[in-house]
Amino acid sequence: MESKAIHRCLHVLDLDESLAFYERALGMTEIRRMGPDDGSWANVFIGNDVCGFQMELTWNRGRTEPYDNGGRDSHIAFTVPDFDAAHALHEQMGCICHENEKMGLYFIEDPDGCWLEILPEKAEFAPQAGVDVLAALTARRSVRTYSGDSVPEELLYRIVRAGLLSASGRRRRPWELIIVRDRNTLAKLAECRDSGAAMLAGADAAIAVLGNPEVADTWVEDCSIVMANMHLEAAASGVGSCWIQGRMRMAADGRSTQDFVADLLDIPEPWQLEAILSLGMPDALCEPRTFDETLMAKVHEERF
């Protein structure tokens, strides 16, 4: 039995006040939200770039009585890189509710009475290296159908940053990215392949990855790393994505995919299209893969 904590839900009375508190006190900002059209309730997920764990703030219209957000000494713990600076900020905010100097920690209280433990960064608090990457790899799928919900901008640019942080030969970074969100353009992009690109018509966004052969002879490999990293980050962020190969492919109208996309997106020479990543919120959750032990037969030691 394996599991991974992804968020904790707290019920709040004043959503705007709580969002402002968590942004100022802990640097957590809104990632996505959900709720009915009548606005009778809302679930707002907040987090930051430090880790994948999120808080789910649940607000219900008309609620005036405080919620029980824990009980039995339940709380959420946060580490901070500068313990003294955090303490000074929280002291200024007047939200410190308990200190344990002997253990080197303290608690703050959010607007709804939830206690949050503040700890200095220590090696024993660090997550095990590689766990999150492996979890994302098992969760990764080629998602071709989407719910129609918008990809939150915070998640879109988190995916973009994953691509821009990619390794490249001699750090030349021979790539450029084009983000497409216009519905008409996405519909036209769906014709960039004679097959295999139709999902773009229903996608909320797409990212075209271009390479410059004049900058590096490894542009194909470098751009493929960018695509793979964005594909993986999309899975880790709960966004559906699919790799649409562009290089050496043909469009529905008989042109090369390169020429089709270059004309549509005004791509100048000598930039070459490697691939397009389609993005959208998935219409269904996929179960993570389990590792297929037979794959180990492909691993050799010392000699083939």
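By convention here, the first residue in the shown sequence is residue 1.
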Next on the checklist: Quick check: do L57 and N43 have side-chain heavy atoms less than 4.5 Å from each other?
Outcome noted: no
Checklist entry - Can you check whether R173's main-chain N or O pairs, donor with acceptor, with S168's side chain at less than 3.5 Å? => result yes
Checklist entry - Backbone N or O of R140 within a donor-acceptor pair of the R289 side chain at under 3.5 Å? => result yes
Next on the checklist: In the structure I gave you, are the side-chain heavy atoms of L15 and V44 within less than 4.5 Å of one another anywhere?
Outcome noted: yes
Next on the checklist: For a quick test of reading the model, state the closest non-hydrogen atom pair linking L119 to F83 and the distance between them.
Outcome noted: C-CD1, 3.9 Å
Checklist entry - Considering all heavy atoms of both residues, which atom of L116 and which atom of L26 are nearest to each other, and what is their separation? => result CD1-CD1, 4.0 Å
Item to check | Main-chain N/O of S241 paired with R141 side-chain donor or acceptor, under 3.5 Å | outcome: no
Checklist entry - Does any donor atom in the side chain of S18 or D112 lie under 3.5 Å from an acceptor atom in the other side chain? => result yes
Checklist entry - Rounded to the nearest 0.5 Å, how far apart are NE2 of H90 and CZ of R24? => result 9.0 Å
Item to check | Exercise: identify the closest heavy-atom pair between T257 and G246 | outcome: CB-O, 3.5 Å
Item to check | Side-chain donor/acceptor of D204 to backbone N/O of V151, under 3.5 Å | outcome: yes
Checklist entry - Can L265 be reached from L279 by stepping across I, L, V, M, F, W or Y side chains whose heavy atoms are under 4.5 Å apart? => result no
Item to check | Donor-acceptor pair, side chain of N229 and main chain of L165, under 3.5 angstrom | outcome: no
Checklist entry - Quick check: does any side chain N or O of R193 sit under 3.5 Å from a backbone N or O of S195, one acting as donor and the other as acceptor? => result yes
Checklist entry - Checking D182 side chain against N184 main chain: does a donor-acceptor pair fall under 3.5 Å? => result yes
Next on the checklist: If the threshold is 4.0 Å, N to carboxylate O, is there a salt bridge linking R255 and D263?
Outcome noted: yes
Item to check | Closest non-hydrogen atom pair between P213 and Q272, with its separation | outcome: CG-CG, 3.9 Å
Next on the checklist: The test is side-chain contact (heavy atoms from CB on, under 4.5 Å); show your working for L164 and L177 and say whether it passes.
Outcome noted: CA-CA 9 Å; L164 296 177; L177 310 181; 3.9 Å; yes
Next on the checklist: Please determine whether residues M55 and M93 belong to a single hydrophobic cluster, defined as Ile, Leu, Val, Met, Phe, Trp and Tyr linked transitively by side-chain heavy-atom distances below 4.5 Å.
Outcome noted: yes
Next on the checklist: According to a hydrophobic-cluster definition based on side-chain heavy atoms being under 4.5 Å apart (Ile, Leu, Val, Met, Phe, Trp, Tyr only), do V220 and I225 belong together?
Outcome noted: no
Checklist entry - When rounded to the nearest 0.5 angstrom, what distance separates CG in D149 from CE in M34? => result 8.5 Å
Next on the checklist: Check E233 with R158, please: is the shortest side-chain N to carboxylate O separation under 4.0 Å?
Outcome noted: yes
Next on the checklist: For a 4.5 angstrom cut-off between non-hydrogen side-chain atoms, does P111 reach E109?
Outcome noted: no
Next on the checklist: For L155 and S237: C-alpha separation, side-chain torsions, deciding distance, then whether side-chain contact (heavy atoms from CB on, under 4.5 Å) applies.
Outcome noted: CA-CA 7 Å; L155 294 185; S237 297; 4.0 Å; yes
Checklist entry - Would a 4.5 Å heavy-atom cut-off, applied to side chains only, mark L10 and Y22 as touching? => result yes
Checklist entry - How far apart are the C-alpha atoms of H87 and Y106, what are their side-chain angles, what is the distance that settles it, and do they pass the side-chain contact (heavy atoms from CB on, under 4.5 Å) test? => result CA-CA 8 Å; H87 188 280; Y106 65 93; 3.6 Å; yes
Checklist entry - Rounded to the nearest 0.5 Å, how far apart are CD1 of I118 and SG of C95? => result 8.0 Å
Item to check | Any donor-acceptor pair under 3.5 Å from R183 side chain to A201 backbone | outcome: yes
Checklist entry - Looking at side-chain heavy atoms only, is the closest gap between L189 and V180 below 4.5 Å? => result yes
Item to check | Whether F107 and H98 hold their rings parallel, tilted or perpendicular, with breakpoints at 30° and 60° | outcome: tilted
Item to check | Minimum heavy-atom distance W175-W271, with the two atoms named | outcome: C-CZ3, 3.9 Å
Item to check | Nearest-0.5 Å distance that lies between atom CG in L210 and atom CD1 in I276 | outcome: 9.0 Å
Next on the checklist: For a side-chain contact (heavy atoms from CB on, under 4.5 Å) check, start with the C-alpha distance between M28 and F21, then their side-chain angles and the critical distance, and finish with the verdict.
Outcome noted: CA-CA 9 Å; M28 303 180 78; F21 172 85; over 6 Å; no
Next on the checklist: Cation-pi check for Y67 against R63: NZ or CZ below 6.0 Å from the six-membered ring centre and within 45 degrees of the axis, yes or no?
Outcome noted: yes
Next on the checklist: Is there a path of hydrophobic side-chain contacts, each under 4.5 Å between heavy atoms, that joins L200 and F260?
Outcome noted: yes
Item to check | Exceeds 12 heavy-atom contacts within 6.0 angstrom, atom CD of E153 | outcome: no
Checklist entry - Cluster question for you: counting only ILVMFWY and a side-chain heavy-atom cut-off of under 4.5 Å, with indirect links fine, are V239 and L232 together? => result no
Item to check | Close side-chain approach of I46 to Q54, heavy-atom, < 4.5 Å | outcome: no
Item to check | Approximate separation, where rounding is to 0.5 Å, of D222 CG and S166 OG | outcome: 9.0 Å
Next on the checklist: Looking at every heavy atom in both D217 and E221, which two are closest together, and how far apart are they?
Outcome noted: O-OE1, 4.2 Å
Checklist entry - Looking at R33 and E30, does any basic side-chain N land under 4.0 Å from a carboxylate oxygen? => result yes
Checklist entry - Looking at side-chain heavy atoms only, is the closest gap between P282 and Y146 below 4.5 Å? => result no
Next on the checklist: Between R172 and V215 (side chain of the first, backbone of the second, donor and acceptor by atom type, cut-off under 3.5 Å), is there such a pair?
Outcome noted: yes
Checklist entry - Is R303 reaching over with its side chain to a backbone N or O of H300, donor-acceptor style, under 3.5 angstrom? => result no
Checklist outcome for this item: CG (L264) and CG (D259) are apart, to the nearest 0.5 Å, by 12.5 Å
Checklist entry - Using the ring of each side chain (for Trp, its six-membered ring), is H231 parallel, tilted or perpendicular to W243, with breaks at 30° and 60°? => result perpendicular
Checklist entry - Looking at side-chain heavy atoms only, is the closest gap between L13 and W59 below 4.5 Å? => result no
